[in-house]
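So the structure is just underneath, and the comments pick up after that.
In this chain, numbering begins with 1 at the start of the sequence shown. Whatever order the structure lists ligands and atoms in, that order sets their numbers, starting from 1.
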Amino acid sequence: MKVYIDGQYYDERNAKVSVFDHGLLYGDGIFEGIRAYNGRVFKLKEHIDRLFCSARAILLSVPISHAEIMRAVVATCRRNKVRDGYIRLVVTRGRGTLGLNPNRCQEPSVIIIADKIQLYPAELYQNGLEIVTVPTTRNLHSALNPAIKSLNYLNNVLAKIEANNAGCEEAIMLNAEGFVAECTGDNIFIVKDGRLQTPPLSAGALYGITRQTVMQLAQDEGVPVSEPNLTRYDLFNADECFLTGTGAEIIPVVKIDGRPIGSGKPGPVTAKLVQQYHSLTQVSGEPIDD
Ligand code: PXG
């Protein structure tokens, strides 16, 4: 595998960053997780738009343009013969000194890894996930805004550990007010009386690209979509529940905190959206081959 770092390709074992990079020392940087399907990079422009928003929020000046990053992502896929896979794009603050002042850092680094995707077991898509609410709450907007896809993911990692300790793959994170925010690497949706609902971004959800895509697909199907504040009570009393994310795509949830959701099996609205989403991924995106 060849890894892109600052305009050059390095063999996997030589793809290295400095121990003085503030991405490592302080989690000072940003990232995106992107998928390629059927020879196309799915929603690439949307991912790069979000990357630049994250950069602006942390006063990081990305050393190459939006168009150049798009080209570099596609080129890295081509170079690695990745037609269906996972792309990790990282921009770090760069090499600095042992002090957290970012002004001491030289140039931000851009890293692109194009690899195979590790999927959840197929069985979970068929039968649905069981998830739990965990004690670690989502970061406050006023502390570290959850909209920033930063390299500082400890908030999510802690919640993931708590989910794993409870024997689950994913965790529901509440915000400091007790409303549902999202999961550790996925957004959450419920279906109630034929309507689709997902927490508002103000509740502490990431501006998920899969979230946005699914909301659009539902609207196209004539399913009403809204973004109210949701409590655990709303989740427990939903007809259906599912999670969305670039990695997970759309995965049904059948049990939350020990309560079966709806019929206790993946529901029909979820199944329809899964089908629509898969069709879309096969035909849209930035082509990898010339
Ligand atoms: N919330 C959080 C906190 C995320 O990190 C999502 C929601 C879903 O957003 P998208 O834009 O992907 O629909 C994410 C995305 C990984 C990995 O390697 C994580 C994500 C995406 C891809 C891979 O764990 N998180």
Side-chain angles (χ1 to χ4, degrees), residues 27 29-37 41-54 57 73 82 84-90 111-120 124 129 131 134 136-141 143-164 168-175 179-189 196 198-218 227 230 241-251 253 273-274 276-278 280-281 284-285:
I30 52 177
F31 77 103
E32 282 295 322
I34 311 170
R35 286 280 285 269
Y37 295 94
V41 184
F42 189 60
K43 300 279 174 190
L44 180 57
K45 178 183 177 295
E46 287 80 353
H47 281 283
I48 309 301
D49 286 348
R50 185 170 68 186
L51 182 85
F52 273 84
C53 290
S54 294
V73 167
V82 166
D84 288 272
Y86 177 68
I87 301 132
R88 170 59 57 93
L89 171 56
V90 183
I111 299 164
I112 306 169
I113 309 167
D115 202 354
K116 290 187 223 24
I117 174 95
Q118 301 229 319
L119 299 167
Y120 277 128
L124 291 181
L129 270 182
I131 59 177
V134 294
T136 296
T137 56
R138 196 77 181 95
N139 285 326
L140 289 171
H141 288 104
L144 175 56
N145 197 314
I148 303 169
K149 214 164 154 55
S150 86
L151 293 184
N152 199 314
Y153 248 50
L154 262 186
N155 182 227
N156 312 55
V157 170
L158 291 177
K160 186 82 163 185
I161 291 169
E162 289 161 355
N164 291 345
C168 291
E169 294 269 354
E170 251 297 12
I172 296 172
M173 300 182 77
L174 306 178
N175 62 24
F179 291 112
V180 176
E182 60 173 347
C183 294
T184 68
D186 300 299
N187 291 108
I188 187 162
F189 285 80
L196 190 63
T198 190
L201 301 170
S202 59
L206 182 78
Y207 294 29
I209 289 164
T210 321
R211 175 185 184 274
Q212 191 56 47
T213 306
V214 165
M215 287 166 82
Q216 188 61 55
L217 287 173
E227 301 171 63
L230 295 173
C241 178
F242 62 83
L243 311 182
T244 64
T246 297
E249 302 178 321
I250 301 173
I251 189 158
V253 172
L273 289 168
V274 166
Q276 303 281 69
Y277 188 78
H278 282 160
L280 185 66
T281 59
S284 72

Just to confirm my output: which protein heavy-atom neighbour is closest to [atom], and how far is it?
atom: atom 17 (C) of ligand 1; answer: Tyr86 OH, 3.6 Å
atom: atom 13 (O) of ligand 1; answer: Thr210 OG1, 2.6 Å
atom: atom 6 (C) of ligand 1; answer: Gly185 O, 3.4 Å

At less than 4.0 angstrom from any non-hydrogen atom of [X], what atoms of ligand 1 do you find?
X: Tyr153; value: 2 (C), 3 (C), 4 (C), 5 (O)
X: Arg88; value: 16 (C), 18 (O)
X: Asn156; value: 3 (C)
X: Ile209; value: 10 (P), 11 (O), 13 (O)
X: Glu182; value: 1 (N), 2 (C), 3 (C), 7 (C)

Does the side chain of [Y] come within less than 4.5 Å of [X]'s, by heavy atoms?
X: Leu230; Y: Phe179; value: no
X: Ile30; Y: Lys149; value: no
X: Asp84; Y: Ile117; value: no

Can you find a non-hydrogen atom of [X] under 4.0 Å from ligand 1?
X: Thr184; result: yes
X: Tyr207; result: no
X: Arg50; result: yes
X: Lys149; result: yes

Subject >> Qualifying salt bridge (charged side-chain N to carboxylate O under 4.0 Å, His left out) pairs, either residue in residues 202-217, two or more places apart >> reply: Arg211-Glu227
Original post:
Would you call Glu32-Arg88 a salt bridge at under 4.0 Å N-O?
Top reply: no
Original post:
Can you check whether Tyr277 and Phe242 have ring centres sitting under 6.0 Å from each other?
Top reply: no
Original post:
Quick check: does Arg211 get an N/O under 3.5 Å from an N/O on ligand 1?
Top reply: no
Donor-acceptor under 3.5 Å ([X] side chain, [Y] main chain):
X: Asn187; Y: Leu206; result: yes
X: Lys116; Y: Val82; result: no
X: Asp186; Y: Leu243; result: no

Original post:
Which bit of Thr246 gets closer than 4.0 Å to ligand 1, counting heavy atoms only: side chain, backbone, both or neither?
Top reply: both
